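Reading through the structure tokens given below for one structure.
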Amino acid sequence: VQLQASGGGLVQAGGSLSLSCTASGSFVNNVMAWFRQAPNKEREFVAAISGSGGTTEFAESVKGRFTISRDNSQKKVFLQMLTLRPEDTAVYLCAARRRGGIVSTSNGYDYWGQGTQVTVSS
């Protein structure tokens, strides 16, 4: 499975961005997640979605502001980010998990994209 994230950019605080992650290879409706990593910080779970799209999970810091969705026919996962804050600034990475069930730890995911930079100015 190969993952390609896109959609990052520079936005002012309070603004919005939408990220997408396109999968290729032997992708069969895997559990997908978004993580983020800011400079000198640990990789942090953001959101995840089940293979069917029926179950989602979010980090407390983004609940109510971020939405995760997927289109399995296009092998895409999306992260809609609203009301962005400077502390949301990070490289956002998409990940896929071979096993079923959503987990929020990075070592639970087997495939990673290269990341896309999101910068929120104050």
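Note: hydrogens, waters and symmetry copies are ignored here, and every other heavy atom, side chains too, is used. This one's a predicted model, so the numbers in the text were calculated from it and none came from an experiment.
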**Item:** Value rounded to 0.5 Å, distance of CD1 in I102 from CD1 in I49
**Value:** 7.5 Å
**Item:** No-hydrogen, no-angle side-chain donor-acceptor test under 3.5 Å, T89 and T119
**Value:** no
**Prompt:** Roughly how far apart are N29 CG and S52 OG, rounded to 0.5 Å?
**Reply:** 8.5 Å
**Request:** Would you please test V118 and V120 for side-chain contact (heavy atoms from CB on, under 4.5 Å) and show each step?
**Result:** CA-CA 7 Å; V118 171; V120 184; 4.2 Å; yes
**Message:** Please give me the minimum heavy-atom distance between Q114 and A5, naming the atom from each residue.
**Reply:** NE2-O, 3.1 Å
**Asked** If you look at every heavy atom in A33 and F45, which pair is closest and at what distance?
**Response** CB-CE1, 4.4 Å
**Item:** L3 side, atom CG; Y111 side, atom OH - distance, nearest 0.5 Å
**Value:** 9.5 Å
**Step-by-step side-chain contact (heavy atoms from CB on, under 4.5 Å) determination, R36 to D88** = CA-CA 9 Å; R36 65 188 181 187; D88 294 318; 2.9 Å; yes
**Item:** Y109 and F35 aromatic ring geometry - parallel, tilted or perpendicular at 30°/60° bounds
**Value:** perpendicular
**Asked** What pair of heavy atoms forms the shortest contact from P86 to S122, and how long is it?
**Response** CG-CB, 3.8 Å
**M81 vs R65 side-chain heavy atoms within contact, under 4.5 Å** = no
**Message:** I want to check something: taking the side chain as every heavy atom from C-beta on, are R70 and V77 in contact at a cut-off of under 4.5 Å?
**Reply:** yes
**Prompt:** Looking at D110 and R98, what are the two nearest heavy atoms and their distance?
**Reply:** OD2-N, 2.7 Å
**Item:** Distance, nearest 0.5 Å, that separates CD of Q2 from NZ of K75
**Value:** 9.5 Å
**Item:** Separation between CD1 of I68 and OG1 of T55, rounded to the nearest 0.5 Å
**Value:** 11.5 Å
**Request:** Would you mind reporting whether F78 and T67 have side-chain heavy atoms less than 4.5 Å apart?
**Result:** no
**side-chain contact (heavy atoms from CB on, under 4.5 Å) assessment of S61 paired with E87** = CA-CA 10 Å; S61 59; E87 54 265 39; over 6 Å; no
**Fill in**
In this structure, OH of Y92 is separated from CG of L79 (nearest 0.5 Å) by 7.5 Å
